[in-house]
Amino acid sequence: MTRDVQARMNTFMLDTMETAKSTAAADGDNSSKRKGTWVTAGAHIITAVIGSGVLSLSWAIAQLGWIAGPVTLLLFSAITWFTSTLLADCCRDPISGRRCSSYMDAVKSNLGGIHYKLCGFAQYGNLVGISIGYSITSAISMAAIKRSGCFHKNGHDAGCHVKNNVFMIIFGFIEIILSQIPNLHELSGLSVVAAIMSFAYSTIGLGLSIAKLAEGSHARTSLTGTTVGVDVTSAQKIWNCFEAMGDIAFAYAFSTVLVEIQDTVKSNPPENEAMKKATSVGISITTVFYMLCGVLGYAALGNKAPGNFLTGFGFYEPYWLIDVANVCIIVHLVGAYQVFCQPIFKCVEDWCSNRWPNNSFIKEGRPISLPIFGVYHFSAFRLVWRTAYVIMTTTVAMIFPFFNDVLGLLGGASFLPLTVYFPIQMHIAREKIQPWSCKWIWLNVLVLLCSVISLPAAAGSIEGIVKDLRNFKPFTSVS
């Protein structure tokens, strides 16, 4: 009996070791670096999702009204959750079982062909756009801190205008330093801090909305949002509704980095299950905050809700609390910028390494001992390339500082291909779903319905940018 038990234990140990070896082989060279769990993945998701998008939600609901606004929020939340769970199951090569390290890699493994190139264009174009959008938002928050003190001292009717360019340069300088963090694996601590900051400023905005309602002030609201002939013209109403949908789509955008986040998660338990749990928790928490901030923000500020409810001065007092909220926004965006930039950094650096494998400038680095942080592997190529990227995004942000329109365009342009189309098409290919079967039909109907929402949203934002450009001079952004 004892020998039989011992033999079974030996067999079990051998099977376990073989499974571990095969998993490690499939995981590739980065398996030793993967130490993430659903908790760290959830922190990355919350950092990516609860970003500058939450600041425009009260304005978005003001355009759509009490019925369409909350319904649109819940609809985008449900769609994002569903397609994200599909995407989490597509992050291994269907033949070899090898892990995919990027969204493009996942599309190439599951779909191949032209899809791979289209995905790269959509994903990295969107990530660059987000970098620019975060540079704009952070500068507006920095300027708001200076303006709130001015309003407190000189009254709410004072101009208190501040130029944004110097604040964009400050943000860019901070990001040049943080961009030297080698990869997404090393960003867990920064993401946790950024996630805490996002909760902090969302909670402050929520508290300010409740306080304003408790004062008894009744802002003008309606079931259909802004009133034609009073707040906007009929044409403005249509375009603003489209742009509002784009803002809400952007508020849920994190599929561009989902595969890269999943690549930081260890394989035991299975990384796709951990990612699904992180996605469910992250989107659930985000939706609760979005509903509260958007709905209560609209109730407090009404149809005159500004595009950014913490920097557009829907609230003036207590000015110190608004300053704290804006500091939290800045710290959060510092971390979120890195989460969205790391896939770009990795893509370019991997391409250069493969293109010039013997180039010492690209390949070589040296370890540097840093107090507290330990050993840092310095790379001259990383320093030059990443610094150039941050300078480029900061410069573009100073040229085109259109907050709401940029958010709407990014949301409308990226939601359909990256959040909906590619995850659904990869799921269909991976599961070998037969054309014209019931499941195939309803999945493609979902793609069609989302395109009906996404394309007008992008068009509405383009119309807003065109309108802003009429009275615009480069490098003269003023809050």
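Hydrogens, waters and symmetry mates play no part in the numbers below; they use all other heavy atoms, side chains included.
- For Glu349 and Arg386, the salt-bridge test passes: some basic side-chain N is under 4.0 Å from an acidic carboxylate O.
- Judged by distance alone, with hydrogens and angles left aside, the side-chain atoms of Gln338 form no donor-acceptor pair with the main-chain N or O of Val334 at under 3.5 Å.
- Counting heavy atoms from C-beta outward, Ile79 and Phe415 have side chains that approach closer than 4.5 Å.
- With His332 as the fixed residue, the side chain to side chain contact (heavy atoms under 4.5 Å, CB included) test singles out one of Phe199, Tyr337, Tyr201: Tyr201.
- What you find for Thr393 and Val390 is that their closest heavy atoms are OG1-O, 3.0 Å.
- Taken to the nearest 0.5 Å, the CH2 atom of Trp59 stands 8.5 Å off from the CG atom of Leu64.
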Audit row: Arg99, Glu271, salt bridge (charged side-chain N to carboxylate O under 4.0 Å, His left out) steps and yes/no: CA-CA 10 Å; Arg99 271 207 191 192; Glu271 72 281 355; 3.3 Å; yes

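- With Asp105 contributing its side chain and Ser101 its backbone, the two residues share a donor-acceptor pair below 3.5 Å.
- Atom-to-atom distance recorded for Cys352:SG and Asn359:CG is 9.0 Å, nearest 0.5 angstrom.
- Contacts of Phe242 classified as ring pair (Phe, Tyr, Trp, His ring centres under 6.0 Å), with partners at least two apart in sequence or in another chain: none.
- Counting heavy atoms from C-beta on, the side chains of Leu127 and Pro343 come closer than 4.5 Å.
- The salt bridge (Lys or Arg N to Asp or Glu O under 4.0 Å) contacts involving residues 295-305 comprise Asp231-Lys304, where partners must be two or more places apart or lie in separate chains.
- Partners of Phe167 by ring pair (Phe, Tyr, Trp, His ring centres under 6.0 Å), not counting sequence neighbours: none found.
- Ile261 is not listed as a side-chain neighbour of Thr40, based on a closest heavy-atom distance of 4.5 Å or more.
- Note that OG1 of Thr394 and CD1 of Ile176 are 7.0 Å apart. Values are rounded to the nearest 0.5 Å.
- Of the possible donor and acceptor atoms, none in the side chain of Thr419 sits under 3.5 Å from a partner among the backbone N and O of Leu416.
- Between the side chain of Gln342 and the main chain of Ile181, a donor-acceptor pair closer than 3.5 Å is present.
- Few gaps surround NZ on Lys237; more than 12 heavy atoms of other groups in view lie less than 6.0 Å from it.
- The aromatic ring centres of Tyr134 and Phe171 sit 6.0 Å or more apart.
- Considering all non-hydrogen atoms of both residues, Val265 and Ala41 come closest at CG2-CB, 4.0 Å.
- Counting non-hydrogen atoms of neighbouring residues, nucleotides and ligands closer than 6.0 angstrom, the CZ atom of Phe361 exceeds 12 such neighbours.
- Checked by atom type and distance alone, the side chain of Gln63 never pairs as donor or acceptor with a backbone atom of Gly225 at under 3.5 Å.
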Criterion side-chain contact (heavy atoms from CB on, under 4.5 Å) on Gln123 and Leu418, from CA distance to verdict: CA-CA 7 Å; Gln123 182 191 10; Leu418 298 173; 4.1 Å; yes

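- Atom CG of Leu73 and atom CD1 of Ile248 lie 4.5 Å apart (nearest 0.5 Å).
- Defined by atom type and a distance below 3.5 Å, a donor-acceptor pair is present between the side-chain atoms of Trp81 and Ser280.
- A distance-only check finds a donor-acceptor pair linking the side chain of Thr233 to the backbone of Gln236 [under 3.5 Å].
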Ile322 vs Leu208, side-chain contact (heavy atoms from CB on, under 4.5 Å): CA-CA, chis, key distance, verdict: CA-CA 9 Å; Ile322 295 168; Leu208 290 169; 4.0 Å; yes

Criterion side-chain contact (heavy atoms from CB on, under 4.5 Å) on Val128 and Tyr389, from CA distance to verdict: CA-CA 9 Å; Val128 172; Tyr389 175 83; 3.8 Å; yes

Stepwise side-chain hydrogen bond (donor to acceptor under 3.5 Å, both in side chains) test for Thr226 and Asn303: CA-CA 5 Å; Thr226 51; Asn303 291 345; over 6 Å; no

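- Annotation: the span from Leu57 atom CG to Leu292 atom CG amounts to 11.5 Å, rounded to 0.5 Å.
- Of all non-hydrogen atoms in Ser379 and Ile362, the two that sit nearest each other are OG-O, 4.5 Å.
- Considering every non-hydrogen atom in both Cys119 and Val107, the closest pair reads SG-CG2, 3.6 Å.
- With hydrogens and angles disregarded, no donor-acceptor distance shorter than 3.5 Å links the side chain of Thr264 to the backbone of Glu260.
- We find the CG-CD1 distance between Leu333 and Ile136 to be 11.5 Å, quoted to the nearest 0.5 Å.
- With a 4.5 Å cut-off on side-chain heavy atoms, Tyr124 and Tyr103 do not count as touching.
- A donor-acceptor contact under 3.5 angstrom links the side chains of Trp66 and Thr221, judged on distance only.
- Minimum interatomic distance between Ser135 and Ala397 (heavy atoms only, all atoms of both residues): CB-CB, 3.7 Å.
- Contact annotation: the side chain of Leu86 approaches that of Ile424 to within less than 4.5 Å [non-hydrogen atoms, C-beta and beyond].
- In terms of heavy atoms, Ala106 sits closest to Cys90 at CB-O, 3.7 Å.
- Judged by distance alone, the side chain of Thr387 and the main-chain N or O of Val384 form no donor-acceptor pair under 3.5 Å.
- Met398 has its side chain within reach of Ile169: a pair of non-hydrogen atoms, C-beta onward, lies under 4.5 Å apart.
- At least one side-chain heavy atom of Met291 sits less than 4.5 Å from a side-chain heavy atom of Pro70.
- Contact annotation: the side chain of Ile145 approaches that of Ile330 to within less than 4.5 Å [non-hydrogen atoms, C-beta and beyond].
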Verdict with supporting geometry, Arg220 and Val230, side-chain contact (heavy atoms from CB on, under 4.5 Å): CA-CA 11 Å; Arg220 183 169 51 84; Val230 178; 3.8 Å; yes

